[in-house]
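Okay, structure first, notes after.
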Amino acid sequence: MGKETEQNTNKIFSLSVNIHVLIALFVILFGETLGLWFINHKLVIPVERMIAANWIYQFSILSFVMSVLRVPYNAMIIAHEEMKLYAYISIVEGLLKLLIAFSLLYILFDKLIIYGGLMAFSVGIITLCYIVLCKRKFKECTYHFFWNKQLFKSMTQYAGISTMGNLSSVILDQGQNILLNIFFGPVLNTARGIVYQINMALSLFVANMYMAATPQITKSYAANDRDYLVKIVNQTALFSLICLSLLIVPVIVELPYLLHLWLGDEFPKETILFGQLVLLNLFTVNLVKTLLIAIQSSAKIFKVHFYTGMLIMCNIPIDYILLKFVHVNAYSIFVVQLFIDVIFVCIVLCLAKKQLNWDIKKYIVKIIFPISLLFISDLIIMMFVTSVIVLDNILNVLLIFSLSSTYILSMSYCFLFSKKNKKVLSGRIRSFFNHYK
């Protein structure tokens, strides 16, 4: 990286830090006024748990602010394609969360408050890791106050449009929680919270694959290397969806026992259906995730964030109308979300065709249709197996995971992998077995 380029990068980085500090200040201002009022006056919270709820709320604001402040450092790691560094920090983050979970067994005070405080502390540690490692690894990560009105305007416009898409997800997430709380009480908030812990764990599994592919997608688009762009988008989509199917199908089928294994009998009965619907939503959205990354790489992001953002936010008014006037069951909000996610997939496909001139028919035929067929057929077969073969619960789980993995991997190898992929995979399998001979 040349000296002039390094200086320009440092200016952009420093201005990016300034922008994210402003965002963090706005979050604090909003959270400590309107948000605090809503928590204390509108949500249905038992009186004896109001203090705990306020502590958790403050810890959540603190965690969110620290997550916002580390965005420029995270982006610098991805821009430099230092995925090992990102992986090491992710491992530390995972170990911290595991340590926090185990520590709760030995804490005698209010576990909820302690959990919120420890999670905020872990976010702070990880944020500090990003800052320190980026400063040591990349010279351009040294912050100097810099201000350029034109560049600020350009960056905030881009960030504002990107934020629209992210904000819609936050509105959906919190909106569903608020509606469940108002119409059904805190018990179903617990059910949804448990479900989204599972959803987050599975999402993170494939998120790292997308993160590793993003720089390559961006560079191939910038270099106008159309062939490589199509190749990397299709391959990332295919392998990430196969990996996601390997996890989602067994979890959907064996969710009742997995929840029992994790939480005993102390979880709301609605958690099972909530979880199954949320995992179907997760698979649906990921059908076009790599196409979404390609569209964002083109910098033509206004339409995609505007249309998808508005669509996602439609969940909340539709949910409210159904709950208030039709008196539907709580799980209906996730059914609505599933239908909207299908529309989301269609919108992304249309935008990819219009803005990138993407061959959508080919993408549907090569990616969406075969992987969806594989997912649905595997789900049906595994549900049939569980209805016919009744073993001890843990043996049943192992059986379903084994059969599902065998079916998905064998079908993928026979019908989804290209000749080149088969050759590479066969070579690596042979090398693995030869190594341990």
So do the side chains of [X] and [Y] get within less than 4.5 Å of each other, counting heavy atoms only?
X    : Y    : answer
I89  : I126 : yes
I91  : L95  : yes
F183 : V44  : no
I77  : K137 : no
M76  : T9   : yes
V288 : F344 : yes
K303 : I347 : no
L62  : M66  : yes

Go through the steps for Q276 and L273 under the test side chain to side chain contact (heavy atoms under 4.5 Å, CB included), then give the verdict.
CA-CA 5 Å; Q276 290 167 337; L273 185 55; 4.1 Å; yes
A quick test of your reading: do over 12 heavy atoms of other residues, nucleotides or ligands sit less than 6.0 Å from [atom1] of [X]?
X    : atom1 : answer
Q150 : CD    : no
K231 : NZ    : no
F26  : CZ    : no
Y115 : OH    : no
L398 : CG    : yes
F121 : CZ    : no
Y143 : OH    : yes
F184 : CZ    : yes

Kindly compute the distance separating [atom1] ([X]) from [atom2] ([Y]), expressed to the nearest 0.5 Å.
X    : Y    : atom1 : atom2 : result
R192 : N177 : CZ    : CG    : 4.5 Å
K289 : L244 : NZ    : CG    : 11.0 Å
L128 : L133 : CG    : CG    : 9.0 Å
F30  : L25  : CZ    : CG    : 15.5 Å
T386 : M382 : OG1   : CE    : 9.0 Å
S404 : D378 : OG    : CG    : 3.5 Å

Under a plain distance cut-off of 3.5 Å, with no hydrogens placed, do N315 and Q176 share a side-chain donor-acceptor pair?
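There is no such pair between these side chains.
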Ignoring hydrogens, what is the shortest heavy-atom contact between [X] and [Y]? Give both atom names and the distance.
X    : Y    : answer
I56  : G116 : CD1-CA, 3.7 Å
V304 : L351 : CA-CD1, 3.4 Å
S67  : V123 : OG-CG1, 3.8 Å
L287 : S372 : CD2-OG, 3.9 Å
I340 : I318 : CD1-CD1, 4.1 Å
Y73  : C141 : CE2-O, 4.2 Å

ring-ring contact (aromatic ring centres under 6.0 Å, His included) partners of residues 265-284, not counting sequence neighbours, each pair once
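Passing the test, one end in residues 265-284: F274-F334, F283-F375.
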side-chain contact (heavy atoms from CB on, under 4.5 Å) partners of N40, counting only residues at least two apart
L36, M50, N54
Partners passing side-chain contact (heavy atoms from CB on, under 4.5 Å) against A207 (at least two apart in sequence or in another chain)
none
Can you tell me if [X] uses its side chain to pair, donor with acceptor, with the backbone of [Y] under 3.5 Å?
X    : Y    : answer
N18  : F145 : no
S412 : L409 : no
S245 : L241 : yes
S220 : D225 : no
N286 : L282 : yes
T236 : V233 : no

Could you check whether the rings of Y257 and H260 sit parallel, tilted or perpendicular, using 30° and 60° as the cut-offs?
tilted
Yes or no on ring pair (Phe, Tyr, Trp, His ring centres under 6.0 Å) for F417 and F239, after CA distance, side-chain angles and deciding distance?
CA-CA 9 Å; F417 289 175; F239 289 120; 5.5 Å; yes
Test log, rule side chain to side chain contact (heavy atoms under 4.5 Å, CB included), inputs H80 and L85:
CA-CA 10 Å; H80 282 273; L85 192 62; over 6 Å; no
Yes or no on side chain to side chain contact (heavy atoms under 4.5 Å, CB included) for I293 and Y221, after CA distance, side-chain angles and deciding distance?
CA-CA 11 Å; I293 295 170; Y221 180 85; over 6 Å; no
Residues M155, I19; criterion side chain to side chain contact (heavy atoms under 4.5 Å, CB included); working and verdict:
CA-CA 9 Å; M155 288 179 68; I19 291 169; 3.7 Å; yes
